[in-house]
Asker: 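One structure coming up, written as structure tokens, with questions to follow.
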4 protein chains.
Amino acid sequence: MLITIDLQSEIPLYLQLKTQLIKGIATGELAEGEPLPSFRQLSADLGINMLTVKKTYDQLKQEGYLTMHRQKGAVVNGQLHARMTDQYVLTLKQQLAPFITEAFCYGMKKAQFTAICNALYEELEEGKEND
Amino acid sequence: MLITIDLQSEIPLYLQLKTQLIKGIATGELAEGEPLPSFRQLSADLGINMLTVKKTYDQLKQEGYLTMHRQKGAVVNGQLHARMTDQYVLTLKQQLAPFITEAFCYGMKKAQFTAICNALYEELEEGKEND
Amino acid sequence: MLITIDLQSEIPLYLQLKTQLIKGIATGELAEGEPLPSFRQLSADLGINMLTVKKTYDQLKQEGYLTMHRQKGAVVNGQLHARMTDQYVLTLKQQLAPFITEAFCYGMKKAQFTAICNALYEELEEGKEND
Amino acid sequence: MLITIDLQSEIPLYLQLKTQLIKGIATGELAEGEPLPSFRQLSADLGINMLTVKKTYDQLKQEGYLTMHRQKGAVVNGQLHARMTDQYVLTLKQQLAPFITEAFCYGMKKAQFTAICNALYEELEEGKEND
DNA sequence: GTGGTCTAGACCACG
DNA sequence: GTGGTCTAGACCACC
């Protein structure tokens with residue numbers, strides 16, 4: 001799986017990495033049980049610090065995406081889903097609100113916004129089918 | 001206009017304030033030509049630092065939402081919209097992507113996600129009609 | 001609140017700190033809403049690294065004991081309890097099992113073990129009453 | 001005797017193995033004089049490294065649970081108990097404290113905690129009776 | 001001042 | 001080799 005880090009971006013490195021790994025899991029590109037590269041390996045490949053990678057792995061572990069393994073390193077965890085609690089939906093709404101307000105301010109129509117979301121969603125779904 | 005600041009939030013105070021003011025302008029709740037409260041007044045009302053309010057006004061002014069008057073203070077500037085560049089759409093997609101990926105991981109269906117967005121969007125549109 | 005760190009111990013520093021802070025919260029010595037010292041302050045006081053303190057705070061935050069605050073620093077979070085899920089009880093049993101097995105091997109009677117636990121429990125309860 | 005190793009666990013493999021062997025000895029499931037499987041056999045059965053098994057046996061030998069025989073391999077050593085020093089009791093209290101504090105924070109009552117411990121204790125005692 | 005992030009080293013236990 | 005922990009610096013945005 002190809003991972004790219006933009007050192008210029010204002011988005012923290014560990015978040016860039018996290019987002020891409022989650023996407024890999026979502027699309028199935030990183031299948032359940034598949035091992036991820038070790039801290040050292042990945043940090044060397046990306047040219048960033050070990051701790052930054054570890055921080056990412058720690059968060060993914062805490063959120064249930066990964067399991068850390070003394071022998072095999074980090075492996076992808078199945079059994080996501082069924083975590084879509086009301087609490088999550090609430091949090092999501094709060095997170096989306098500012099973007100929607102901004103889009104509205106910029107004169108974007110509801111239909112266009114929906115189209116963008118659908119496009120992103122379908123990207124993931126297609127990725128999953130192609131596994 | 002009611003403004004609420006969440007000191008617990010990880011969103012910077014000035015951004016919370018900015019978003020709400022922009023929303024007010026977008027919905028028309030803050031009409032063109034209407035003066036905004038002074039730094040001192042607003043910062044006291046919200047219980048935050050004057051500098052934080054000033055920073056918000058500065059940005060809004062710089063983005064064309066406000067005009068500063070020596071006597072009237074800050075007044076709302078009309079003529080928004082028509083700023084929806086391709087660049088903005090691209091940025092928006094990048095910002096939305098992680099939330100959509102996460103929702104997808106948590107098993108949320110596209111329809112449910114769209115429904116949430118539509119609900120948020122319609123809140124804004126209704127606000128505009130009721131002015 | 002007095003916090004002591006044993007640099008000689010094989011227990012990680014951040015865990016020593018975490019345990020003591022949780023205990024402080026449990027006994028009510030750190031009351032809801034009370035601010036904790038900043039990273040820099042506490043790390044300087046204890047003579048350990050800032051990141052080690054931050055790591056502790058991060059975990060306590062993630063477990064719901066704390067809320068991080070841009071202005072006030074870290075503050076104690078109320079509304080614990082009601083988190084005693086079946087999952088937690090199961091985890092607890094797994095964590096306790098080895099200690100009980102060991103005690104049993106060393107010839108400790110059930111009554112003595114229970115007595116030790118009760119003593120520890122009552123320490124906390126008394127601490128709470130005395131607030 | 002059934003031994004299970006959890007590769008996911010954060011508990012070192014050699015400790016998992018050691019705990020279970022001690023438990024077997026404590027309950028009498030592994031009777032005095034009974035030979036244990038060879039390194040090679042046990043490591044193959046459990047799917048772990050031979051060195052890990054050896055490390056476990058070494059420690060058990062050093063703690064007096066086993067005796068190594070050039071021909072018979074490792075054999076169980078009787079005469080346990082009577083090792084419950086004050087030092088051990090102190091250590092145990094320190095180890096249990098964090099779990100009890102956490103349980104207390106989560107709203108667990110003393111009675112429920114005691115019940116859990118008793119249940120675990122009785123499991124061991126019954127194991128012993130049934131031999 | 002605060003927290004948030006990142007780096008470049010280091011040592012340890014485990015396997 | 002792996003992950004787990006720790007240190008001593010640094011820069012940034014926010015308040």
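Lettering follows sequence order; numbering is per chain, from 1.
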Asker: Between B:Tyr14 and B:Lys55, is there a cation-pi geometry (under 6.0 Å to ring centre, at most 45° from the normal)?
Answerer: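 Judged by the rule (NZ or CZ under 6.0 Å from the ring centre, within 45° of its axis), B:Lys55 counts as positioned above B:Tyr14.
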Asker: If we count only N and O atoms by modelled type, under 3.5 Å, do the side chains of A:Thr91 and A:Gln95 hold a donor and an acceptor together?
Answerer: no
Asker: Keeping the roles fixed (side chain from B:Glu34, backbone from B:Val75), state whether a donor-acceptor pair exists under 3.5 Å.
Answerer: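 Side chain of B:Glu34 to backbone of B:Val75: no pair is present.
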Asker: Could you tell me if the side chain of B:Gln62 sits less than 4.5 Å from the side chain of B:Asp58, heavy atoms only?
Answerer: no
Asker: Please work out which of the three classes, parallel, tilted or perpendicular, describes the rings of C:Tyr65 and D:Tyr106, given edges at 30° and 60°.
Answerer: parallel
Asker: So do B:Lys23 and B:Leu124 actually touch side chain to side chain, heavy atoms under 4.5 Å?
Answerer: yes
Asker: Look at A:Lys18 together with B:Glu102 and state whether they make a salt bridge at an N to O cut-off of under 4.0 Å.
Answerer: no
Asker: Side-chain contact, heavy-atom cut-off 4.5 Å: D:Thr52 with D:Asn49?
Answerer: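 Contact flag for D:Thr52/D:Asn49 side chains = yes.
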Asker: With a 4.5 Å heavy-atom cut-off, do D:Leu36 and D:Leu42 have their side chains touching?
Answerer: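 They are not in contact (no side-chain heavy atoms under 4.5 Å apart), so the answer is no.
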Asker: Which whole-number value in Å describes the distance from A:Asp58 CG to F:dC6 P?
Answerer: 13 Å
Asker: Please answer whether the main-chain N or O of A:Met1 pairs with a side-chain N or O of A:Glu29 as donor and acceptor at a distance below 3.5 Å.
Answerer: no
Asker: Is there a donor-acceptor pair under 3.5 Å between the side chain of A:Glu32 and the backbone N or O of A:Val76?
Answerer: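 Here the side-chain-to-backbone pair does not exist.
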Asker: Report the distance from atom NE2 of A:His69 to atom P of E:dA13, rounded to the nearest whole Å.
Answerer: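 Taking NE2 of A:His69 and P of E:dA13, I get 22 Å after rounding.
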Asker: If a stem is a run of at least 3 consecutive Watson-Crick or G-U pairs, both distances under 3.5 Å, which stems include DNA chain F?
Answerer: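 Ordered by first number, the stems with DNA chain F (at least 3 consecutive pairs each) read E:1-14 with F:1-14.
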Asker: In this structure, how many angstroms lie between the C1' atom of E:dA13 and the CD atom of D:Gln59, rounded?
Answerer: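 So the two atoms are 12 Å apart, to the nearest Å.
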Asker: Determine: side-chain N/O of A:Arg40 to OP1/OP2 of F:dT2, distance under 4.0 Å, yes or no.
Answerer: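 Yes, within the criterion.
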Asker: Listed in order of residue number, which residues of residues 7-23 of chain C have a non-hydrogen atom at under 4.0 Å from DNA chain F?
Answerer: C:Pro12, C:Leu13, C:Tyr14
Asker: Could you tell me the separation between the CD1 atom of C:Ile5 and the C1' atom of F:dT5, rounded to a whole number of Å?
Answerer: 14 Å
Asker: Please work out which residues in residues 46-55 of chain B have a non-hydrogen atom less than 4.0 Å from an atom of DNA chain F and list them by number.
Answerer: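 Of all residues in residues 46-55 of chain B, the ones placing a heavy atom under 4.0 Å from DNA chain F are B:Thr52, B:Lys55.
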Asker: Specify the separation, in whole Å, of atom CG of C:Leu42 and atom P of E:dT2.
Answerer: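 Whole-Å distance recorded here is 12 Å.
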Asker: Round to a whole Å and report the spacing from CE of A:Met68 to P of E:dC14.
Answerer: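 My rounded result for the distance is 17 Å.
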